[in-house]
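Throughout, numbering of the chain's residues begins at 1 and tracks the sequence. For clarity, every value in this text was computed on a predicted model and none was experimentally measured.
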Amino acid sequence: MTDPKNDRFLRALRREPVDRTPVWLMRQAGRYLPEYRATRAQAGSFLAMAKAPELACEVTLQPLRRFPLDAAILFSDILTVPDAMGLGLYFVEGEGPKFERPVRSAADVARLAVPDMETDLRYVMDAVRVIRRELDGAVPLIGFSGSPWTLACYMVEGGGSDNFAKIKAMALNEPQALHRLLSVNTDAVIAYLSAQRAAGAQALQVFDTWGGVLSPAMYREFSLPYLARIARELARGEGAARTPLILFGKGNAPYLEELAASGAEGIGVDWLVELSEAARRAQGKVALQGNLDPAALYGSPDAVRAQVRAALDSYAAGNGGSREGHVFNLGHGLSPDMQPEHVAALVDEVHAYSAR
């Protein structure tokens, strides 16, 4: 695969010199953009949009038409994998994703199998192929998956949760069943990311959104080993042609050293750790991605620019004065009520300030 015309993002993940810090944003394709809302209305539902490769391509490209972002990310959902396992994904307006058939017992776990990526999840791979064609080498395309633990949270709870009571009860009462579930999920994530890479994804991210709800002992039992297994077993190529893997987790700051030793190329961090501290603790073993508090975008454009400069300076302060090895991002995703003009200020300031 040829290198994209703008390869800042991939170079930063290899911790190579870049002319300015690359930036992309989690949920950069989303409801804060009027054109996204129009496409969603045309599709009829979120799932219909995600399962139509041409529409998934359209919403993937929308933010790149507005902002000079340094990467595109596949428009999809982390719950495509458990949906393909037969759990019956659906969305309730105002409540989010739900499963018709949640996983509640060892017998339920035993019925799960890794989906076939080019049949059960072909629409995702077709979307990757269409997006790569339409990007025409402008910027790299990021593929992604949920983490084994985060997928398990939705699968066991049957949707979102305030307290994760059901999956934590399973961890306490049936740890062997939960480990079997996490093992199947890990096999599926590795196969899913491998298929996205084969279809054309040039970087891969694992979202461990709910890792931070675990106690340290539970995180080290039920999330970290499975993230490390993905980093270890996911074939990504060698040298400059290697497809970088980013492990992102909300609340993952206590485990930075362990994540940096996992074999992943990048670690995404939230806003609850200073980038200077994260950079010092990572010791140059991995690139770091992050970590502006998304709520900063509720500030004025000038306030957004000031927050961007502070984050860039913080990373450099912890990295010996160097900006290398940093991908600018938010500590979590954009929200529907954010202003596109504030996003524009963020992207422009990252490029302008880091070029100095």
Side-chain angles (χ1 to χ4, degrees), residues 24-27 73 77-79 96-97 144-157 159-172 175 178 181-182 185-186 189 204-231 245-283 285-297 307 311 314-315 318 326-335:
W24 71 275
L25 303 171
M26 289 183 273
R27 286 207 294 262
I73 183 165
D77 193 86
I78 65 168
L79 300 181
F144 72 90
S145 171
S147 73
W149 163 258
T150 292
L151 295 179
C153 285
Y154 287 102
M155 294 163 79
V156 174
E157 297 291 336
S161 177
D162 293 328
N163 60 7
F164 299 90
K166 294 180 180 72
I167 192 163
K168 288 188 177 183
M170 183 183 275
L172 294 163
L178 181 52
L181 170 56
L182 292 165
N185 283 356
T186 304
V189 167
L204 301 164
Q205 176 155 313
V206 174
F207 285 85
D208 191 27
T209 309
W210 300 125
V213 307
L214 289 164
S215 70
M218 277 187 148
Y219 180 86
R220 291 187 173 101
E221 180 174 358
F222 295 110
S223 185
L224 184 62
Y226 297 98
L227 293 172
R229 206 188 117 203
I230 293 165
L245 173 69
I246 303 162
L247 301 178
F248 166 76
K250 278 177 74 182
N252 64 2
Y255 317 106
L256 271 173
E257 289 85 354
E258 290 148 287
L259 289 164
S262 67
E265 283 72 31
I267 305 299
V269 294
D270 69 14
W271 62 96
L272 299 179
V273 61
E274 285 286 347
L275 275 179
S276 55
E277 181 197 334
R280 281 193 295 271
R281 287 169 57 198
Q283 296 181 321
K285 292 177 184 170
V286 288
L288 287 178
Q289 180 176 280
N291 72 334
L292 192 68
D293 181 352
L297 284 156
Q307 292 291 308
S314 180
Y315 177 83
H326 181 210
V327 174
F328 198 97
N329 208 315
L330 302 173
H332 199 235
L334 289 158
S335 294

Quick one: list whatever passes side chain to side chain donor-acceptor pair (under 3.5 Å) with [X], sequence neighbours left out.
| X | result |
| --- | --- |
| Ser147 | Thr150, Asp208 |
| Arg220 | Glu258 |
| Tyr226 | His179 |

Expected output: side-chain [X] to main-chain [Y] donor-acceptor under 3.5 Å:
| X | Y | value |
| --- | --- | --- |
| Asn185 | Leu182 | no |
| Lys166 | Cys153 | no |
| Asn329 | Met26 | yes |
| Asn252 | Gly268 | yes |
| Gln289 | Val269 | no |
| Ser262 | Leu259 | yes |
| Ser223 | Gly211 | no |

Can you find a heavy atom in the side chain of [X] that is under 4.5 Å from one in the side chain of [Y]?
| X | Y | result |
| --- | --- | --- |
| Leu151 | Val189 | yes |
| Leu288 | Val327 | no |
| Phe144 | Val206 | no |
| Glu157 | Ile167 | yes |
| Ile78 | Tyr154 | yes |
| Thr186 | Leu227 | no |
| His332 | Asp270 | no |
| Ile267 | Leu256 | yes |

Can you name the nearest heavy-atom pair linking [X] to [Y], along with the distance?
| X | Y | value |
| --- | --- | --- |
| Ala231 | Ala264 | CB-N, 3.8 Å |
| Arg27 | Leu334 | NE-O, 2.9 Å |
| Phe328 | Ala311 | CE1-CB, 3.8 Å |
| Gly290 | Leu275 | O-CD1, 3.9 Å |
| Ala253 | Val273 | CB-CB, 3.7 Å |
| Pro294 | Gly333 | CB-O, 3.8 Å |

If I take atom [atom1] from residue [X] and atom [atom2] from residue [Y], how far apart are they, to the nearest 0.5 angstrom?
| X | Y | atom1 | atom2 | value |
| --- | --- | --- | --- | --- |
| Gln205 | Leu245 | CD | CG | 8.5 Å |
| Leu272 | Lys250 | CG | NZ | 9.0 Å |
| Gln283 | Arg281 | CD | CZ | 10.0 Å |
| Leu204 | Ser145 | CG | OG | 9.5 Å |
| Leu292 | Leu330 | CG | CG | 6.0 Å |

Geometric class of the Tyr315/His326 ring pair [parallel <30°, tilted 30-60°, perpendicular >60°]: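 Answer is parallel, since the angle falls under 30°.
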
Polar side chain donor-acceptor pair, Trp149 to Tyr219, under 3.5 angstrom: no

Crowding at CD, Glu274 (>12 non-hydrogen neighbours, <6.0 Å):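 No.
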
Worked verdict on Leu172 versus Met218 for side chain to side chain contact (heavy atoms under 4.5 Å, CB included): CA-CA 10 Å; Leu172 294 163; Met218 277 187 148; 3.8 Å; yes

